[in-house]
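Each remark here refers to the structure printed beneath this line.
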Amino acid sequence: MPNSREYVMVPPPPLKFTLDEWHLNNRYRYRCSEAQQELADRLLAESHRICETSTERAKGNKEETEYRLKEKLEDIEFRKGELLRIRKEVLLETDALTIYKERIMNAIASVRRNALVICEKCLMFREHRLGIDLVCDDVERQLLKECEVIKGVENLLVRTLEQTQEQIRRLKATLYYMDHDLEDKENNLRIDRHNLTLKETSLNLSIYHGTSRLDPSTIELNEWEMQTNENIVAASKEINSARPMRCYIDTVIKQAVDDLNQQKDATDHAFRQRIEDIRDAKTKLELQHSEVMRQANEMTQNVTRIEKAIAEKERYLALAHTRLGNRCQRPGLELTRDLVETQLVKEVYDLREVVSKLQATMFEAQASLRYLLKTQVQIEEDINIKTNTLKIDEVDCMTLRQSMDYHAY
């Protein structure tokens, strides 16, 4: 095989420029360099101006923001102070009204568990009076009226207690809304105070790259101001309602105590008058009992005396009868109606008349004695009844009523 040869491609020689082209290219490069230098100078100057302007603008915005933050903090502090001031008044009014509530509850407990129970017990005790003393007297009427007064006072105090509890509830509701507002403002203060301490050189700063709005606030400034104003106005309104409420409670309790004391005095007076009447009647009965006993003793002696007289007259009558019987034994003409026989017959008739009168008198005396003894028993029963009534009214009821104590609570 014939020897093969490798062919090498030789580049063509470079183009040759003319001298004019060389001078033209140099001038073009020079002009381009000058243009780029001028553009760079203008860009440097503009960049320097923009940097200075943006720095001043950023500082101005930062100062304006910090001024607004301080303004907002002062506004929040002022509103917080107003809320704290009115909150203190609400707390004081709530505490004061709570004390008044306890006074009303004490008054209700005293009326319901003490006065009403005592009044009803007195009525129950007086049901154990006996006989004629179980009468609907002025004491019973006053006790029934006292029960009505006590129940009326209790109902009034219960209604006042309900109104007081409702007022306390409204005060606490106002307090709840103010506390919620204060908590929000405290958080707002904490956030804005922290924002006020931040500098552009602070650590942990970040740039938001999200797509949602940078300002998510939907509440207008006037709405924010109105909310606090409404809380303050509502609290002031409840305070203005609570203060007259305390005066009203004072008036109600005083009027209730006055009514209860007035009725208690009337009932006690009726008790004292009734006790005096019963004691007077009992004294008269005791005097009458002594007199009846005296007369019964005299009548017993009188009956004995009459019985003795009758027995004595019957002996005289027996004597006369015996003499007449003996004279009937006279013989013959001796059986004459002489003056002796006439006197004996007259004696018999006189003695019979005397004995008859004595027996009639004895029957009357015995009947009178029985009536006196019956009257004595009845008077003793009446005395026992009066004694029982005195025990009920003077010992049981009046002793129990001494524990009835009405005060201003």
Side-chain angles (χ1 to χ4, degrees), residues 97-168 244-282 381-409:
L97 210 54
T98 301
I99 294 174
Y100 274 73
K101 172 188 169 185
E102 292 175 356
R103 289 179 59 197
I104 298 174
M105 293 175 67
N106 291 335
I108 292 174
S110 176
V111 169
R112 181 181 296 166
R113 300 174 187 173
N114 184 26
L116 185 59
V117 171
I118 289 174
C119 191
E120 291 175 346
K121 280 185 178 181
C122 288
L123 286 170
M124 182 183 67
F125 287 157
R126 300 191 91 242
E127 289 297 321
H128 292 86
R129 291 173 296 169
L130 302 174
I132 192 63
D133 277 16
L134 189 59
V135 62
C136 183
D137 52 7
D138 188 52
V139 175
E140 184 167 347
R141 287 189 290 271
Q142 292 296 337
L143 280 172
L144 292 173
K145 184 178 178 181
E146 189 172 30
C147 284
E148 292 178 0
V149 171
I150 290 172
K151 290 178 181 178
V153 167
E154 179 186 349
N155 292 333
L156 176 62
L157 290 175
V158 168
R159 289 196 301 270
T160 306
L161 177 62
E162 291 173 352
Q163 295 173 2
T164 305
Q165 289 174 332
E166 175 61 21
Q167 184 62 53
I168 292 174
M245 186 73 186
R246 287 191 282 131
C247 297
Y248 172 71
I249 292 171
D250 281 330
T251 303
V252 167
I253 291 178
K254 183 179 182 302
Q255 185 63 45
V257 170
D258 290 343
D259 292 344
L260 290 170
N261 279 322
Q262 182 178 359
Q263 183 56 43
K264 178 180 179 293
D265 292 341
T267 305
D268 289 345
H269 176 72
F271 261 111
R272 288 190 293 269
Q273 186 64 43
R274 183 61 178 165
I275 289 169
E276 184 178 349
D277 292 342
I278 295 171
R279 185 179 286 114
D280 183 61
K282 179 173 176 289
E381 290 178 354
D382 287 343
I383 291 173
N384 291 332
I385 288 172
K386 298 296 183 291
T387 302
N388 178 69
T389 304
L390 277 176
K391 175 183 177 298
I392 290 173
D393 285 353
E394 187 173 20
V395 179
D396 296 339
C397 292
M398 290 303 289
T399 302
L400 187 62
R401 291 180 63 80
Q402 289 178 0
S403 61
M404 295 177 71
D405 179 28
Y406 302 121
H407 53 274
Y409 301 99

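All values below come from the heavy atoms of this structure, side chains included, with hydrogens, waters and symmetry mates left out. Small disclaimer: the values here were computed from a predicted structure and weren't measured.
Expressed to the nearest 0.5 Å, how far OH of Tyr406 lies from CG of Asn114 amounts to 7.5 Å. Rounding to the nearest 0.5 angstrom, the gap separating the CG atom in Leu161 from the CD1 atom in Ile249 is 8.5 Å. Distance check: Lys145 NZ to Cys119 SG gives 12.5 Å after rounding to the nearest 0.5 Å. Here Arg401 contributes atom CZ and Ile118 contributes atom CD1; the two are 8.0 Å apart, rounded to the nearest 0.5 Å. Note that the SG atom of Cys122 and the CG atom of Leu144 stand 11.5 Å from one another [nearest 0.5 Å]. Atom-to-atom distance recorded for Thr387:OG1 and Glu394:CD is 11.0 Å, nearest 0.5 angstrom.
Here the closest non-hydrogen pair linking Ile150 and Val111 is CG2-CG1, 3.2 Å. Smallest separation of non-hydrogen atoms from Arg246 and Leu97: CG-CD1, 3.5 Å. Val135 and Ile132 get closest at one heavy-atom pair: CB-O, 3.9 Å. Nearest heavy-atom pair across Cys136 and Arg141 is O-NH1, 3.2 Å. Nearest approach of Val139 to Ala270, heavy atoms of both residues: CG2-O, 3.2 Å.
Looking at Ser110, its side chain never comes within 3.5 Å of a backbone N or O of Ala107 through a donor-acceptor pair. Between the side chain of Arg129 and the backbone N or O of Asn388 there is no donor-acceptor pair closer than 3.5 Å.
Taking 4.5 Å as the limit, some side-chain heavy atom of Arg126 sits within range of a side-chain heavy atom of Asp137. Within the 4.5 Å cutoff, side-chain heavy atoms of Leu143 are placed close to those of Glu146. Residues Lys101 and Met105 have side chains in contact (heavy-atom distance under 4.5 Å, counting atoms from C-beta outward). Between Ile385 and Thr389, the closest side-chain pair of non-hydrogen atoms falls below 4.5 Å.
Between the side chains of Thr267 and Gln263, a donor-acceptor pair is found at a separation under 3.5 Å. Asp259 and Gln255 form a side-chain donor-acceptor contact under 3.5 Å, judged by distance and modelled atom types alone.
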Could you pull out all donor-acceptor pairs under 3.5 Å where a side-chain atom in residues 152-159 meets a protein atom, sequence neighbours excluded?
residue	atom	partner	partner atom	Å
Glu154	OE2	Arg112	NE	2.7
Glu154	OE2	Arg112	NH2	3.0
Asn155	ND2	Lys151	O	3.2

Evaluate the criterion salt bridge (charged side-chain N to carboxylate O under 4.0 Å, His left out) for residue pair Lys254 and Asp258; output intermediate values, then yes/no.
-> CA-CA 6 Å; Lys254 183 179 182 302; Asp258 290 343; 3.0 Å; yes

Candidate pair Asp396 and His128, rule side-chain contact (heavy atoms from CB on, under 4.5 Å), full reasoning | CA-CA 11 Å; Asp396 296 339; His128 292 86; over 6 Å; no

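A salt bridge is defined here as a Lys NZ or Arg NE, NH1 or NH2 lying under 4.0 Å from an Asp or Glu carboxylate O, and Asp393 with Arg274 fails to meet this definition. Ion pairing between Lys264 and Asp268 holds under the 4.0 Å rule for side-chain N and carboxylate O. Salt bridge Lys386/Asp382: absent, no basic N to carboxylate O contact under 4.0 Å.
The side-chain tip of Arg103 points at the ring of Tyr100 from less than 6.0 angstrom away and within 45° of straight on.
Counting non-hydrogen atoms of other residues, nucleotides and ligands closer than 6.0 Å to CG of Leu134 gives a total above 12. Counting non-hydrogen atoms of neighbouring residues, nucleotides and ligands closer than 6.0 angstrom, the CD atom of Glu120 exceeds 12 such neighbours.
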